[in-house]
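Everything on this sheet refers to the single structure shown next.
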Amino acid sequence: MHLSFWALPILVPFILICCIPEAGAQKIEREKKVRKEVVPSTAIEFISSLRVTSKIKWYHEESLRGISWEAKTKVGIKKYSIEFDENGVLEDIEIQIHESSLSPEVSKKMMNVLSRHLGKPVTRKIQQQLTGKPEDLRAAFISKHTIPRTVTIRYEVVADGKVNGSKKRYEYTFDVYGNLLNHEQVLFRHTDNLEF
Amino acid sequence: MLPALNLSTKLSGLWKVNFKSESRILTLNTRELDRPEGLHAEYALTDFSLVISRKIGLGGSLAGGYLHRMRASGASASRFVQQYTLVTRSSGLRLAHRFSSDQTFEPNEPATIRLRYRLATEFSLQGQAVDAREWYLKISNELLSAWEGTAHDFEGRVVPTLGYAITDSNKLETAIDYRLEGLRSDRLRHTVWWAVTWYVSL
């Protein structure tokens, strides 16, 4: 069988990959872009009911919490992320917002927490997280300005700052009043293949 | 061909040490292309490098190290390397700016000093970020300014790379490394290398 020399750059790495064993037990947390056809119909139906005209990207996510489906889209200047469980049942809607969208009291409360923890914090991203019944979340999405009282609102803030002398990035979760619920460090992937 | 192995490990806190071994194998001999058995491999050299780096801020890294080149002929060369890399992340894309300089010394040859800037972009082919068991693309573009003795010239490199993340700390890449030397002089020289690199973070 004649083998073109130029096929080797594709074949040899593939053969090496098949021979290299995966190291031990690995934490599985991955997301993968998928076609709409593989997404549960209940999730597709909910998205259709939102009457979104912009492009929707679907992702399949695996983590220690389980499997979920995520639809990402942009409406105007706002980025939306709508998450469903393994069976396509709606879990939450996340909207990327600007700090100016927060009330001054809530913003001040959050910044106080960040400053105590990070010194001089630099906010990278703020997301409003809505959880509740599908019909209430649909109403919140469509109206854009009015959120039903039965919907639970939380805020996720990603910020950089100095902790114990070194710069780190953390993700904070606050309730609707700006009270801290949870925070965890954001870990970055290895950069060896970009540095060397 | 450029087969390479890159090993890195954290020393403590912000410090990291990186060891790289890269060989150069000439696989095409143009003088023998008209022979049926004209394709052959000729080992040229191996570089061994040791670089120590310190994290600066969230995405920056300052590094310095030493490279030892061993040629098939038995000759050797020494190179000192200094570099600063800044990696930024945005919407599933990672951008790396690398500013570096190196000084190469070889017996009976004038010293070579190079200043380099490389921009590399990495993005997943299967999602928003490069996760384990996923393919990704990396494209880098580098400009080198080199002084060999009193002579000066520029070199440009473009390296499209296909990578596979076995895990986040274990990646295999294959790339076409295209180099264009002699940009300033009228002696342009094109070289194409097939690079295969295995990155392991211990």
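Below, all heavy atoms of this structure are taken into account, side chains as well, without hydrogens, waters or symmetry copies. Chain A is the first sequence line, chain B the second, and so forth, proteins listed ahead of strands; every chain is numbered from 1.
Checked for salt-bridge contact, A/Asp192 and B/Lys16 meet the test: a charged N lies under 4.0 Å from a carboxylate O. A salt bridge is absent between B/Asp131 and A/Lys32: the closest approach of a Lys/Arg side-chain nitrogen to an acidic carboxylate oxygen does not fall below 4.0 angstrom.
The candidate from B/Arg118, B/Glu122, B/Arg98, B/Arg94 with the greatest count of non-hydrogen atom pairs under 4.5 Å with chain A is B/Arg94. Per-residue heavy-atom pair counts under 4.5 Å with chain A were compared for B/Arg89, B/Lys20, B/Lys55, and the maximum is reached by B/Arg89. In terms of heavy-atom pairs under 4.5 angstrom with chain A, the leader among B/Thr197, B/Val130, B/Val200 is B/Val130. Annotation: maximal heavy-atom pairing with chain A below 4.5 Å, among B/Ser8, B/Ala120, B/Ala96, B/Ser201, occurs at B/Ser201.
B/Tyr84 does not touch chain A: none of its heavy atoms, backbone or side chain, sits under 4.5 Å away. Looking at B/Leu14, only its side chain comes within 4.5 Å of chain A, counting heavy atoms on both sides. Heavy atoms of B/Val81 lying under 4.5 Å from chain A are absent altogether.
Formation of a donor-acceptor pair under 3.5 Å by the A/Arg169 side chain with backbone atoms of B/Leu58 is not found in this model. A donor-acceptor distance shorter than 3.5 angstrom exists from the side chain of B/Gln83 to the backbone of A/Glu195, with no hydrogens or angles considered. With A/Glu31 contributing its side chain and B/Ala129 its backbone, the two residues share a donor-acceptor pair below 3.5 Å. B/Tyr199 places no side-chain N or O within 3.5 Å of a backbone atom of A/Thr191 that could act as its donor or acceptor partner.
To the nearest 0.5 Å, the span separating OG on B/Ser53 from CZ on A/Phe196 amounts to 4.5 Å.
Counting non-hydrogen atoms of other residues, nucleotides and ligands closer than 6.0 Å to OH of B/Tyr178 gives a total above 12. Surrounding CZ of A/Arg124 are more than 12 heavy atoms belonging to other residues, nucleotides or ligands, all under 6.0 Å away.
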